[in-house]
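One structure below.
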Amino acid sequence: MASMMQPQIILLKEGTDTSQGKPQLVSNINACMAVADVVRTTLGPRGMDKLIHDDKGNTTISNDGATIMKLLDVVHPAAKILVDIAKSQDSEVGDGTTTVVLLAGEFLREAKPFIEDGVHPQNLIRSYRIASNMAIQKIKELAVSIEGKSLDEKRSLLAKCAATTLSSKLIGGEKDFFATMVVDAVIAIGSDDRLNMIGIKKVPGGTMRDSFLVNGVAFKKTFSYAGFEQQPKKFLNPKILLLNIELELKSEKENAEIRLSDPLQYQSIVDAEWNIIYDKLDKCVTSGAKIVLSRLAIGDLATQYFADRDIFCAGRVAEDDLHRVAAATGGTVQTSVNNVIDEVLGTCEIFEEKQVGNERFNIFNGCPSGQTATIVLRGGADQFIEEAERSLHDAIMIVRRAMKNSTVVAGGGAIDMEISRYLWQHARNIAGKSQLFINSFAKALEVIPRQLCDNAGFDATDVLNKLRQKHALPSGEGALYGVDINTGGICDSFANFVWEPALVKVNAINAATEAACLILSVDETVKNPKSESAQGEAAGGMGRGRGAGRGRGMRRR
């Protein structure tokens, strides 16, 4: 009777939704599996693309895991973790975004039966972490270094890594053409780590093969004033002056007031304005520069003035383009035209204005300091070119990573199968439940080759059995065998140049294990109701927080 009379404990604000325990954990796992299933079919060279239509009416066609995850607008709090690991993989390595989501989803899928059978999540987490560390150690052992090779050899090896990345993209049909272009671009920027030193300009029209690489800077012709067409459109070894000032007749700022007693004085004010601009233009000409670029406007008067003196000028150049021109030509952006010395002027071998499709491009070729490159992309639909740009971004990131961490592993599911076999064998030596958990981790790794087969329309069971048999050979000769996408069988991935940087796999397994462990460690979700509005209106009166009866931590009587 006493317990029935117990006062109600109000712990949380009315409307607070709490769910906890095993059902909550299973629900989170299901949500993550659903997200993984969305990107599952995009993996590999035969992966399908997703068409995403957002509320603003924009259409995106992509099979890049990170792009799809960003556009999905996931609202489930646990599933958002998968979106975050895809983003982190994209920013750290650039590729393997679908892989990391798939692995995390599969680790959770394998953990689900154990959770339902009452296994404590911490046991699973402990075993997964051990398995992850062992897997990463094994990858480092199996990785092959491409350090110490000659530049030509290195170039061809890097092109193979880029081709592996591009093979799963929309532009996979032209992967060799673009792989060479990407490697040339990355080698051109040398040790400079800034990705924005490689510009990608998109011009609709033509075929993908019409795309080209500029060993320097190219940008779209800027807004032009009168006299522009009279300027020369090609120079050899010109000096380049980069400015961040306006070359226009200035009107007085705000509402400046000048009182004149004599109308003749007005002419002197007008003359002063003209003298100021002519003085600036004279200084530009005497600097010896043949090309004048400015981030701000270069008006009619200045354009005509430069045209009369055989000088090319362009105003309103985008800031990133101006910085890339500065880096490439060795020039420095000036905020004044006084005392312009030779050291601040840039130079290049050839400057020309060229028609590309429907657009005109200003192209600076043969820049002395290198450090920049520009890829001009051609193609049909805008969506196609956008996806091509995303694909090239992945390939550029991979080549940069391969240059810095020069170890590669066999792709096509070979490395995943080898780690899986290694973990299965190791698990046999472990007594207790941990053996089962490490086995489930090893089984989850097989999702990559299985999905590659499924996406290509092959019999996954048949191919996986062949791979298991090959990898189990005691001699270890089968360690490099993966899925052969062309025949539906198995092949030596390494010999067929299906390579990826070891860093991609290490990062993917690390991030996927972290995400899986994080989701397994959550046993309660608390959703707060909307906080009180700014006017101070309460969202709802004080009410019951967590069911009638005991509050959390109250002892039963």
Side-chain angles (χ1 to χ4, degrees), residues 41-50 61-67 90 93-99 146 152-188 198 200 202 206-213 373-381 383-403 408-415 448 451-453 455-458 482-488 491-501 504-505:
T41 54
T42 67
L43 185 75
R46 300 280 185 274
M48 308 298 279
D49 298 331
K50 304 286 179 199
I61 297 173
S62 180
N63 80 355
D64 175 43
T67 307
D90 191 42
V93 193
D95 196 24
T97 46
T98 309
T99 305
I146 59 171
D152 284 347
E153 265 186 298
K154 208 170 207 181
R155 199 181 277 267
S156 106
L157 298 175
L158 291 170
K160 304 227 168 56
C161 284
T164 303
T165 299
L166 291 171
S167 64
S168 64
K169 307 292 183 191
L170 208 56
I171 54 176
E174 302 287 0
K175 64 180 180 185
D176 294 329
F177 173 73
F178 281 110
T180 313
M181 192 183 282
V182 164
V183 172
D184 289 345
V186 174
I187 287 174
I198 298 179
I200 298 180
K202 304 180 287 264
T207 65
M208 295 305 290
R209 283 249 165 202
D210 292 336
S211 306
F212 60 91
L213 176 73
T374 308
I375 296 171
V376 180
L377 271 182
R378 306 297 311 279
Q383 287 94 334
F384 187 83
I385 301 180
E386 296 281 347
E387 175 61 5
E389 183 190 11
R390 284 190 287 271
S391 307
L392 287 183
H393 170 265
D394 282 8
I396 288 166
M397 291 288 283
I398 282 298
V399 174
R400 282 172 73 218
R401 291 296 172 206
M403 275 180 81
V408 294
V409 291
I415 187 77
I448 303 297
Q451 201 58 49
L452 287 172
C453 295
N455 290 353
F458 304 142
V483 180
D484 186 344
I485 286 296
N486 299 319
T487 64
C491 68
D492 186 332
S493 295
F494 209 81
N496 284 345
F497 305 116
V498 181
W499 296 355
E500 48 190 340
V504 175
K505 272 285 172 261

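What you see below is based on every heavy atom in this structure, not just the backbone, and it leaves out hydrogens, waters and symmetry mates.
With sequence neighbours left out, Asn496 forms a side chain to side chain donor-acceptor pair (under 3.5 Å) with no residue at all. Every residue two or more places apart in sequence or in another chain was checked for a side chain to side chain donor-acceptor pair (under 3.5 Å) with Asp90, and none qualifies. Listed by chain and number, the residues in a side chain to side chain donor-acceptor pair (under 3.5 Å) with Glu387 are Ser62, Arg390 (sequence neighbours excluded).
Taken to the nearest 0.5 Å, the CD atom of Gln451 stands 8.5 Å off from the OG1 atom of Thr42. Phe178 CZ to Ser211 OG: the interatomic distance, rounded to the nearest 0.5 Å, is 4.0 Å. Asp210 contributes atom CG, which lies 11.5 Å from atom CG of Leu377 (distance to the nearest 0.5 angstrom). Note that CD1 of Ile396 and CE of Met181 are 10.5 Å apart. Values are rounded to the nearest 0.5 Å. Atom CD of Glu386 is separated from atom OG1 of Thr67 by 10.5 Å, given to the nearest 0.5 angstrom.
Annotation for Asp176 and Ala163: closest pair OD1-CB, 4.2 Å, computed over non-hydrogen atoms. Of all heavy-atom pairs between Thr97 and Ala66, the closest is OG1-N, 3.3 Å. Closest approach of Phe384 to Met208, counting heavy atoms only: CE2-SD, 2.9 Å. Considering all non-hydrogen atoms of both residues, Val399 and Ala162 come closest at CG2-CB, 3.7 Å. Contact between Ala414 and Ser493 at its shortest, heavy atoms only, is CB-OG, 4.0 Å. The two atoms that bring Asp184 and Leu213 nearest to each other are CB-CD2, 3.5 Å, heavy atoms only.
A 4.5 Å side-chain heavy-atom check between Lys505 and Thr99 finds at least one atom pair inside the cut-off. Arg378 places none of its side-chain heavy atoms less than 4.5 Å from the side chain of Thr207. Looking at Ile198 and Leu392, their side chains never come closer than 4.5 Å, going by heavy atoms from C-beta outward. Looking at heavy atoms from C-beta onward, Val408 lies in side-chain contact with Phe494 at the 4.5 angstrom threshold.
Checking Thr41 against Lys50 by side-chain atom types alone, a donor-acceptor pair falls below 3.5 Å.
Distance alone, capped at 3.5 Å, is enough to place a donor-acceptor pair between the Asn455 side chain and the Leu43 backbone.
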